[in-house]
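Here the structure comes first, spelled out in structure tokens, and everything after it is commentary.
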Amino acid sequence: MKPPAADGTAKVRRALCPGSFDPVTNGHIDIIGRTASLYDEVVVAVFVNQSKSGLFSVDERREMLLEVTSAYPNVTIDTFEGLVVDYCRAHDIPVIVKGLRAVSDFDYELQMAQMNRGLAGVDTLFMPTNPEYSFLASSLVKEIAKWSGDVSSLVPPNVLKMLKERNSATS
Ligand code: PNS
């Protein structure tokens, strides 16, 4: 049951899953799905990084995310530019959920979490990834797909199709 807020009303529990999602992988979907089962509303937000061009445009990443999260009625997809804490403040989101694959993720994630908490009081919760995906990263998927390696077990079918199309267009 939802805990009552100080004024006695039930408060909507909202969480943010931010990332580059270039492209979304099965590891991301695992974290998004598990977060959706813990919170009333989950916003998956694609970070627009002007200084880094990805394989996919922000709109393409958003479209792929929309399709793969369609089974979760409490998940919405958005994009943001700027600080993640400003996005949280503007949308009244008190918590960021991040997947942790291995100890190697921890140092940087902890640093960001502490910075975000210091900047705006936004907390970060770390969710251990399913061990099945502990080695999985969008960057590796892109590299393997570029050389026509098999990534069909690592990404959902719509992403696989997009990767094949993108790589056949550029080769
Ligand atoms: O999928 P990624 O690339 O690991 O995601 C990293 C992301 C986008 C979540 C992180 O870089 C971020 O939050 N960027 C937004 C800019 C920001 O707030 N930077 C300060 C963090 S302390």
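Atoms within each ligand, like the ligands themselves, are counted from 1 in listed order.
- Contact check on R14 versus D92 returns a salt bridge, with a Lys/Arg side-chain nitrogen under 4.0 Å from an Asp/Glu carboxylate oxygen.
- Within the structure, every pair that satisfies the salt bridge (charged side-chain N to carboxylate O under 4.0 Å, His left out) test and touches residues 80-90, not counting sequence neighbours, is listed here: D86-R89.
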Determine all donor-acceptor pairs shorter than 3.5 Å in which one atom belongs to a side chain in residues 114-123; sequence neighbours excluded.
unit_1: N116; atom_1: ND2; unit_2: M112; atom_2: O; d: 3.3
unit_1: R117; atom_1: NH1; unit_2: G121; atom_2: O; d: 3.4
unit_1: R117; atom_1: NH1; unit_2: D123; atom_2: OD2; d: 3.3

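- Using modelled atom types, one finds no donor on one side chain facing an acceptor on the other under 3.5 Å when comparing D22 with S20.
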Pairs under 3.5 Å, nitrogen or oxygen of ligand 1 with protein nitrogen or oxygen:
unit_1: ligand 1; atom_1: 1 (O); unit_2: S20; atom_2: N; d: 2.9
unit_1: ligand 1; atom_1: 3 (O); unit_2: S20; atom_2: OG; d: 2.6
unit_1: ligand 1; atom_1: 18 (O); unit_2: V84; atom_2: N; d: 2.8

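- Residue pairs meeting the ring pair (Phe, Tyr, Trp, His ring centres under 6.0 Å) criterion with at least one member in residues 29-77, sequence neighbours excluded, are F47-F80.
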**Request:** Begin from the C-alpha positions of S51 and N49 and carry the test side chain to side chain donor-acceptor pair (under 3.5 Å) through to its verdict.
**Result:** CA-CA 6 Å; S51 60; N49 190 346; 2.9 Å; yes
